[in-house]
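Remarks on the structure that follows.
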Protein chains: 2
Amino acid sequence: MAAVRRPTVRDIARHAGVSVATVSRVTSDDPRVRAETRARVQASIDAHGYTPSSLGLGLARRRHQALGVVLPGLGGPYFAELLRGVESVAAAHDTAVTVLGAHLRPDVAGAVERLARRTDALVVQAGTVDDAVLAAVADEVAVVVLAGSPQHPTTVRTDGESACRDVTAHLVDVHGHRRLRFVGLPPGAPEPAQRHRGFRRALSERGLVESGPPLSVGLEAVDGAAAARDLRASGDVPDALVCANDEIAFGLLATLPGLGYDVPHDVAIVGFDDNALAALAAPRLTTVHQPTAELGATAARLALAAASGEEEPTTDHVLPTRTVVRESCGCSPAPGARR
Amino acid sequence: MAAVRRPTVRDIARHAGVSVATVSRVTSDDPRVRAETRARVQASIDAHGYTPSSLGLGLARRRHQALGVVLPGLGGPYFAELLRGVESVAAAHDTAVTVLGAHLRPDVAGAVERLARRTDALVVQAGTVDDAVLAAVADEVAVVVLAGSPQHPTTVRTDGESACRDVTAHLVDVHGHRRLRFVGLPPGAPEPAQRHRGFRRALSERGLVESGPPLSVGLEAVDGAAAARDLRASGDVPDALVCANDEIAFGLLATLPGLGYDVPHDVAIVGFDDNALAALAAPRLTTVHQPTAELGATAARLALAAASGEEEPTTDHVLPTRTVVRESCGCSPAPGARR
DNA sequence: TCGGTGGATGTAACCGGTTACATACCCTAC
DNA sequence: GTAGGGTATGTAACCGGTTACATCCACCGA
């Protein structure tokens with residue numbers, strides 16, 4: 001492990017009989033090198049297995065060539081998909097991605113500050129870290145907030161409120177459900193809060209109120225399972241459950257039938273995200289599709305652009321969503337659809 | 001964003017009327033500074049909001065103060081838990097963690113090589129990257145392989161083969177199941193392959209053979225759901241399904257009941273990992289507990305130790321597992337247990 | 001009085017790259 | 001023959017830290 005000292009520019013320069021400047025020009029594809037010289041230098045580079053030190057390079061260029069991503073946790077298909085979008089853009093910019101799972105860290109603020117010191121730009125999921133910390137960090141690196149609110153300079157998001165209002169309206173208007181409850185509302189997370197607002201708006205527009213406070217304070221499958229058991233224990237299962245995301249809905253789907261409740265007959269369920277499992281679980285999940293990978297890609301693109309000094313004006317990017325009606329709401333399968 | 005130039009050691013030195021050496025001594029807690037001087041320097045540091053550049057520091061110390069982690073993907077509670085273990089150790093060593101989702105990257109080999117250049121040590125999940133690449137990278141950074149095989153220098157793992165053999169034995173010996181199938185066997189991943197071997201060993205020891213080839217080639221919930229639908233389509237549902245991990249089992253649990261199959265009455269299911277959902281889904285999941293966070297923590301500890309030059313001898317660390325019998329295998333709930 | 005000792009601080013080299021500017025050379029045009 | 005211009009390459013400073021070694025000073029004992 002790291003037994004031999006890695007070769008440096010000076011080693012290559014000496015071996016190839018040129019100056020360090022020429023070596024540097026070769027490694028950074030500067031055209032001002034005679035073809036013959038370039039070949040000789042390249043040969044030395046290959047012979048020694050030389051690769052420029054990222055530290056030296058970063059110091060000289062005053063650039064880390066790295067993008068930081070702050071997410072609440074690292075579990076769940078939603079974040080995996082988001083990261084896929086981020087990675088694809090980062091790879092195209094030859095930039096490393098450093099992810100920070102905020103919930104895994106005892107001292108989030110400190111961790112974010114340290115992260116800012118070793119990256120050029122940050123993509124931060126709203127609600128993972130104090131706005132004060134974000135502001136403090138914003139004059140060191142470019143910051144893009146995912147699902148941010150108007151007070152953040154640059155944000156990328158979807159309109160969760162309208163989307164959740166629409167899917168809730170479907171449950172009431174098409175299926176006639178009157179007793180609905182929301183599942184998944186962690187304190188401090190703006191995105192579930194938005195969806196919950198949309199849920200309540202749909203109800204109040206129809207003269208209804210939610211038939212109980214939101215269930216569960218987490219966003220993972222395990223929280224859906226816990227909610228299902230709480231519901232069963234209370235003996236009061238509503239007509240329909242509107243979930244803050246698909247993960248929670250799966251937790252319900254993996255628990256309610258075993259507890260004796262048929263979905264959607266005894267209780268209808270809708271999710272949010274439209275991840276891969278939504279189209280395969282049984283019943284297939286009615287949900288709101290959002291372009292998750294694009295959210296990540298857009299955020300990464302904006303962050304990297306800002307880091308290269310392209311002073312993008314303060315912007316709020318809203319990507320489109322689409323309600324996907326399947327069977328967990330009570331609809332029959334579309335003719336020809338795979339059950 | 002990055003509008004003002006950050007202060008450097010020389011700025012602080014000038015302002016405090018001392019030399020750079022003294023400033024450096026203060027920031028690195030060197031005791032050879034008079035208390036009074038230290039206070040003066042600290043005041044300047046605070047006044048300017050100075051924090052040492054990680055690049056300059058890294059260059060001088062020849063240390064990145066970063067740990068790389070290579071995992072297949074970033075989804076799923078298993079990896080989240082693993083990372084929690086890694087992060088806790090890294091935080092204690094004041095070290096940043098950079099995760100690489102191998103499946104998110106088109107060019108894994110290149111990505112790993114670049115990662116190696118900006119970290120001091122690598123924790124790599126076996127099967128995510130070619131052993132040749134690993135070997136090439138191993139003389140630049142310390143490498144610890146998770147779930148690795150004997151050919152890797154340092155590995156941390158559990159004995160998945162014995163564990164899976166035991167839980168399969170339970171299905172046959174206690175519940176009398178004869179027709180069993182395995183679910184989840186991605187090509188190239190050694191861990192599921194080990195578990196599959198244990199499964200087959202249990203069967204052959206009892207004069208049985210698996211009643212069909214392994215179902216599904218993925219390890220996520222969606223693969224379990226797909227397997228459930230394939231099984232339904234084939235019309236041939238076995239007595240029991242042994243899953244490579246809990247995630248797959250949940251995919252089954254969120255799909256089979258909706259397809260008309262009761263678990264465990266029509267088909268028994270067992271998982272592997274014992275993640276949080278296992279104890280809450282219905283029926284609760286019979287599975288193999290493994291100390292996931294500890295696996296990550298141990299790997300991180302070994303990697304960091306090796307990076308600091310502590311030439312740990314080649315080692316193979318095997319952490320213990322434990323079969324957890326609940327109800328998805330067909331057992332009745334233990335008296336007093338929460339259903 | 002003076003050499004010796006130890007503690008606090010400063011000087012300058014070094015880590016491994018990039019790059020502004022200088023230089024050397026060749027070719028062309030007057 | 002030489003001024004002028006373009007091209008290929010080299011020199012040395014710089015990026016922002018750390019640290020070996022030198023220096024300075026106060027205090028000690030002989």
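Note that the structure is predicted; figures quoted are calculated from it, not measured. Letters A, B, ... mirror the listed sequences (proteins, then strands); counts begin at 1.
Applying the side chain to side chain donor-acceptor pair (under 3.5 Å) definition to pairs two or more places apart or across chains, those involving residues 80-100 of chain B are A/Arg105-B/Glu87, B/Glu81-B/Arg84.
Two residues are said to be in side-chain contact when any heavy atoms from C-beta on lie closer than 4.5 Å; A/Thr27 and A/Tyr50 meet this criterion.
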Identify every side-chain donor-acceptor pair in residues 119-130 of chain B under 3.5 Å, counting partners at least two apart or on other chains, and give the distances.
{"unit_1": "B/Thr119", "atom_1": "OG1", "unit_2": "B/Leu115", "atom_2": "O", "d": "2.8"}
{"unit_1": "B/Asp120", "atom_1": "OD1", "unit_2": "B/His64", "atom_2": "N", "d": "2.7"}
{"unit_1": "B/Asp120", "atom_1": "OD2", "unit_2": "B/His64", "atom_2": "N", "d": "3.4"}
{"unit_1": "B/Asp120", "atom_1": "OD2", "unit_2": "B/Gln65", "atom_2": "N", "d": "2.7"}
{"unit_1": "B/Asp120", "atom_1": "OD2", "unit_2": "B/Ala66", "atom_2": "N", "d": "3.2"}
{"unit_1": "B/Gln125", "atom_1": "NE2", "unit_2": "B/Glu191", "atom_2": "OE1", "d": "3.1"}
{"unit_1": "B/Thr128", "atom_1": "OG1", "unit_2": "B/Gln125", "atom_2": "O", "d": "2.7"}

List, one per line, each side-chain donor-acceptor pair under 3.5 Å for residues 141-153 of chain A, sequence neighbours excluded.
{"unit_1": "A/Ser149", "atom_1": "OG", "unit_2": "A/Gln151", "atom_2": "OE1", "d": "3.1"}
{"unit_1": "A/Gln151", "atom_1": "NE2", "unit_2": "A/Asp131", "atom_2": "OD2", "d": "2.9"}
{"unit_1": "A/His152", "atom_1": "ND1", "unit_2": "A/Ser149", "atom_2": "N", "d": "3.1"}
{"unit_1": "A/His152", "atom_1": "ND1", "unit_2": "A/Ser149", "atom_2": "O", "d": "3.4"}
{"unit_1": "A/His152", "atom_1": "NE2", "unit_2": "A/Asp131", "atom_2": "OD1", "d": "2.9"}

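Counting only distance, with no hydrogens or angles, the side chain of B/Thr298 and the backbone of B/Glu294 share a donor-acceptor pair below 3.5 Å. Judged by distance alone, the side chain of B/Asp46 and the main-chain N or O of B/Ala43 form no donor-acceptor pair under 3.5 Å. Checked by atom type and distance alone, the side chain of B/Ser28 never pairs as donor or acceptor with a backbone atom of B/Asp30 at under 3.5 Å. A donor-acceptor contact shorter than 3.5 Å is absent between the side chain of A/Arg157 and the backbone of A/Asp316.
Phosphate proximity of C/dT9 to B/Arg34: present, with a side-chain N or O under 4.0 Å from OP1 or OP2.
Listed in residue order, the members of residues 37-57 of chain B having a heavy atom less than 4.0 Å from DNA chain C are B/Thr37. A heavy-atom distance below 4.0 Å to DNA chain D is reached by these residues of residues 11-20 of chain A, ordered by number: A/Gly17, A/Val18, A/Ser19, A/Val20.
The separation between B/Leu59 atom CG and D/dC15 atom P is 14 Å, rounded to whole Å. Put simply, CZ on B/Arg62 is 12 Å from P on C/dG17, counting in whole angstrom units.
Distances from the side chain of A/Val9 to the nucleotides D/dT18, D/dG17, C/dG16 place C/dG16 closest.
Among the atoms of the strands shown, only primed sugar atoms or phosphate atoms (P, OP1, OP2) are found under 4.0 Å from some heavy atom of A/Thr22.
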At a cut-off of 3.5 Å, list every protein nitrogen or oxygen paired with a nitrogen or oxygen from nucleotides 20-22 of chain D, distance to 0.1 Å.
none

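At a cut-off of 3.5 angstrom, counting only N and O atoms as typed in the model, there is a donor on one side and an acceptor on the other between the side-chain of A/Arg10 and the base of C/dG16.
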